[in-house]
Colleague: 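One structure, pasted below without further comment.
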Amino acid sequence: MRRRSPRLQARDVLRRLEPLYGQLTTGLTFTTPLELLMATILSAQCTDERVNTVTPTLFAMFHNADEYARSDPAQIETIIHSCGFFRNKTKSIQATATALVERFNGDVPNTMKDLVTLPGVARKTANVVLFHSFGRNEGIAVDTHVQRLSRRLGLTREQDAVKIERELMLLLPRKSWGRISDLLIWHGRRVCSARSPRCGECVLADICPSAFATV
DNA sequence: ATCCCGAGGG
DNA sequence: CCCTCTGGAT
């Protein structure tokens, strides 16, 4: 295939995926910024479907940052056990909750600058919370799906999530920064899967440098 | 670069 | 069995 400019490629990816996944947003179940923050911490290397099986119990047990911070860690570990990394995630949940109480009056901050100071929260998690709880496009959440699809589609050749985020931010209009992650994630789950991508069903196949290549 | 870690799919 | 899942800290 003739090599297309990354900017044109990015614009067409956005344009073609939007009608496919128009009504779909994050797959995580939540109501408040605190719930989304905790659900996103749990989502590391775990399907959002599984996160959604433990968060109803977690959210029923803890209603604010102070209650997370004061809890017996063993109680949280038991609830979130099936999500994997349960010791690290429990530490992140409680250390973040403590930081919210001590530095943010118990509230979830709404800026990248503040969010990434929370232990266990880096740019990916911060971007998810910023967009889905506060409607802010400060960056692009780059997870395993966004990384894989960006590379397969020829939008970047980088491996590092922060570098990929920076490149995508240069290719796409700011108002689409939050949306592009959701679109790439849903497409990654349903069509462009890691193991065996279903290129025969993909609406991007004709503009994808990796189509039918088993990348 | 390595570690954390359970669960489901192929 | 091996790979993957909305990562982050050391």
Side-chain angles (χ1 to χ4, degrees), chain A residues 13 17 21 24-30 33 35-55 57-58 73-74 76-100 112 114-134 136-153 155-156 158-166 168-169 176-199 214-215:
Chain A
V13 167
L17 293 184
Y21 307 110
L24 294 174
T25 174
T26 175
L28 295 171
T29 301
F30 71 99
E35 287 187 355
L36 179 59
L37 177 59
M38 296 310 184
T40 308
I41 288 173
L42 289 175
S43 73
Q45 300 294 293
C46 176
T47 62
D48 56 356
E49 193 174 335
R50 175 147 299 280
V51 172
N52 291 337
T53 67
V54 312
T55 45
T57 305
L58 191 69
I76 297 180
E77 286 184 0
T78 300
I79 296 171
I80 72 170
H81 181 272
S82 69
C83 293
F85 296 162
F86 60 92
R87 294 186 189 90
N88 281 349
K89 288 176 182 178
T90 294
K91 285 176 185 167
S92 294
I93 286 171
Q94 293 203 284
T96 280
T98 300
L100 293 180
M112 175 66 72
D114 286 337
L115 281 166
V116 296
T117 69
L118 301 171
V121 177
R123 290 191 61 90
K124 185 265 170 182
T125 298
N127 276 319
V128 169
V129 172
L130 284 168
F131 183 63
H132 290 105
S133 274
F134 301 118
R136 301 184 56 141
N137 286 301
E138 289 204 31
I140 298 174
V142 178
D143 70 330
T144 180
H145 293 295
V146 175
Q147 178 186 48
R148 182 179 70 253
L149 270 67
S150 295
R151 289 172 54 82
R152 284 179 176 172
L153 288 164
L155 299 176
T156 182
E158 298 290 346
Q159 293 271 8
D160 177 71
V162 174
K163 292 181 181 174
I164 292 174
E165 180 184 1
R166 192 159 55 230
L168 293 180
M169 287 167 72
S176 68
W177 286 357
R179 187 61 181 154
I180 189 64
S181 288
D182 286 345
L183 293 175
L184 291 178
I185 287 165
W186 282 109
H187 198 60
R189 298 168 84 190
R190 294 188 171 180
V191 180
C192 193
S193 56
R195 194 88 61 100
S196 47
R198 307 163 76 172
C199 303
T214 315
V215 174

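Here is how names work: the chains are called A, B, and so on, in the same order as the sequence lines, proteins then strands, and each is numbered from 1.
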Colleague: Does C:dC5 have OP1 or OP2 under 4.0 Å away from a side-chain N or O of A:Arg148?
Modeller: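 So the side-chain polar atoms of A:Arg148 do come within 4.0 Å of the phosphate oxygens OP1 or OP2 of C:dC5, strictly under.
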
Colleague: Specify the separation, in whole Å, of atom CG of A:Leu36 and atom P of C:dT6.
Modeller: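 A:Leu36 atom CG is separated from C:dT6 atom P by 15 Å.
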
Colleague: Could you check whether the side chain of A:Thr26 and the base of C:dT6 have a donor-acceptor pair of N or O atoms closer than 3.5 Å, going by distance alone?
Modeller: yes

Colleague: NE2 of A:His145 versus C1' of C:dC3: gap in Å, rounded?
Modeller: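 Spelled out: NE2 on A:His145 to C1' on C:dC3 is 13 Å.
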
Colleague: Between P on C:dT6 and CD on A:Gln147, what's the gap in Å once rounded to a whole number?
Modeller: 14 Å

Colleague: Nearest whole angstrom, please: distance from the P of C:dG8 to the CG of A:Leu115.
Modeller: 11 Å

Colleague: Rounding to a whole Å, what distance do you find between A:Lys91:NZ and C:dT10:P?
Modeller: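 After rounding, the reported distance stands at 10 Å.
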
Colleague: Carefully, step by step, assess A:Glu77 and A:Arg87 under the rule salt bridge (Lys or Arg N to Asp or Glu O under 4.0 Å).
Modeller: CA-CA 6 Å; A:Glu77 286 184 0; A:Arg87 294 186 189 90; 5.1 Å; no

Colleague: What's A:Val121 touching, base or sugar-phosphate or nothing? Going by heavy atoms closer than 4.0 Å.
Modeller: sugar-phosphate

Colleague: Using a 3.5 Å cut-off and no angle test, enumerate the donor-acceptor pairs between side-chain atoms of residues 180-189 of chain A and protein atoms at least two apart in sequence or in another chain.
Modeller:
{"residue": "A:Ser181", "atom": "OG", "partner": "A:Ala141", "partner atom": "N", "Å": "3.2"}
{"residue": "A:Ser181", "atom": "OG", "partner": "A:Ala141", "partner atom": "O", "Å": "2.7"}
{"residue": "A:Asp182", "atom": "OD1", "partner": "A:His132", "partner atom": "NE2", "Å": "3.4"}
{"residue": "A:Asp182", "atom": "OD2", "partner": "A:His132", "partner atom": "NE2", "Å": "2.8"}
{"residue": "A:Trp186", "atom": "NE1", "partner": "A:Thr25", "partner atom": "O", "Å": "2.7"}
{"residue": "A:His187", "atom": "ND1", "partner": "A:Tyr21", "partner atom": "OH", "Å": "2.7"}
{"residue": "A:Arg189", "atom": "NH1", "partner": "A:Asp48", "partner atom": "OD2", "Å": "3.3"}
{"residue": "A:Arg189", "atom": "NH2", "partner": "A:Asp48", "partner atom": "OD1", "Å": "2.7"}

Colleague: Distance check needed: C:dG7 C1' versus A:Ile164 CD1, whole Å only.
Modeller: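 Value for this atom pair: 13 Å.
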
Colleague: Assign A:Gly27 to base, sugar-phosphate, or nothing according to its heavy-atom contacts below 4.0 angstrom with the strands shown.
Modeller: base

Colleague: How about A:Leu149 and A:Val13: do any of their side-chain heavy atoms sit closer than 4.5 Å?
Modeller: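 No. Closest side-chain heavy atoms not under 4.5 Å.
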
Colleague: Taking 4.0 Å as the cut-off, does a side-chain nitrogen or oxygen of A:Thr144 come that near to OP1 or OP2 on C:dT6?
Modeller: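 So the side chain of A:Thr144 is outside the cut-off, no N or O lying under 4.0 Å from OP1 or OP2 of C:dT6.
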
Colleague: Base contacts versus sugar-phosphate-only contacts with protein, heavy atoms under 4.0 Å: please encode nucleotides 1-10 of chain B as B, S and - from 5' to 3'.
Modeller: ---BBBSSB-

Colleague: I'd like to check A:Arg50 versus A:Ser43 (side-chain heavy atoms, cut-off strictly below 4.5 Å). Are they in contact?
Modeller: no

Colleague: Could you give the distance separating B:dC5 and C:dT10 at their P atoms, to the nearest angstrom?
Modeller: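 Taking atom P in both C:dT10 and B:dC5, they lie 14 Å apart.
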
Colleague: Is the phosphate of C:dT6, meaning OP1 or OP2, less than 4.0 Å from a side-chain N or O of A:Thr125?
Modeller: no

Colleague: Identify, between A:Val116 and A:Val128, the residue whose nearest nucleotide on DNA chain C lies closer to the 5' end.
Modeller: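 The answer here is A:Val128.
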
Colleague: Mind running side-chain hydrogen bond (donor to acceptor under 3.5 Å, both in side chains) on A:Gln147 and A:Asp160 for me, showing each step along the way?
Modeller: CA-CA 8 Å; A:Gln147 178 186 48; A:Asp160 177 71; over 6 Å; no

Colleague: How many whole angstroms separate atom CG of A:Leu149 from atom P of C:dC5?
Modeller: 10 Å

Colleague: With a 4.5 Å heavy-atom cut-off, do A:Val121 and A:Val129 have their side chains touching?
Modeller: no

Colleague: Rounded to whole angstrom units, what separation is found between the CG atom of A:Asn127 and the P atom of C:dG7?
Modeller: 13 Å

Colleague: Counting side-chain heavy atoms from C-beta on, which of C:dT6, C:dG8, C:dC5 comes nearest to A:Ser43?
Modeller: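 For the A:Ser43 side chain, the nearest candidate turns out to be C:dT6.
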
Colleague: Taking only distance into account, with no hydrogens and no angle test, what donor-acceptor pairs under 3.5 Å do side-chain atoms of residues 91-98 of chain A form with protein atoms, sequence neighbours excluded?
Modeller:
{"residue": "A:Ser92", "atom": "OG", "partner": "A:Asn88", "partner atom": "O", "Å": "3.2"}
{"residue": "A:Gln94", "atom": "NE2", "partner": "A:Tyr68", "partner atom": "O", "Å": "2.9"}
{"residue": "A:Gln94", "atom": "NE2", "partner": "A:Ser71", "partner atom": "O", "Å": "2.9"}
{"residue": "A:Thr96", "atom": "OG1", "partner": "A:Ser92", "partner atom": "O", "Å": "3.1"}
{"residue": "A:Thr96", "atom": "OG1", "partner": "A:Pro119", "partner atom": "O", "Å": "2.7"}
{"residue": "A:Thr98", "atom": "OG1", "partner": "A:Gln94", "partner atom": "O", "Å": "2.9"}

Colleague: Base, sugar-phosphate, or nothing for A:Ala122, non-hydrogen atoms under 4.0 angstrom?
Modeller: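 It contacts sugar-phosphate atoms only.
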
Colleague: Within the structure provided, determine whether A:Val191 and A:Pro197 are in side-chain contact (heavy-atom separation under 4.5 Å).
Modeller: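 Contact flag for A:Val191/A:Pro197 side chains = no.
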
Colleague: Can you check the distance between C:dT6 and B:dG10, where both ends of the measurement are the P atom (answer in whole Å)?
Modeller: 14 Å

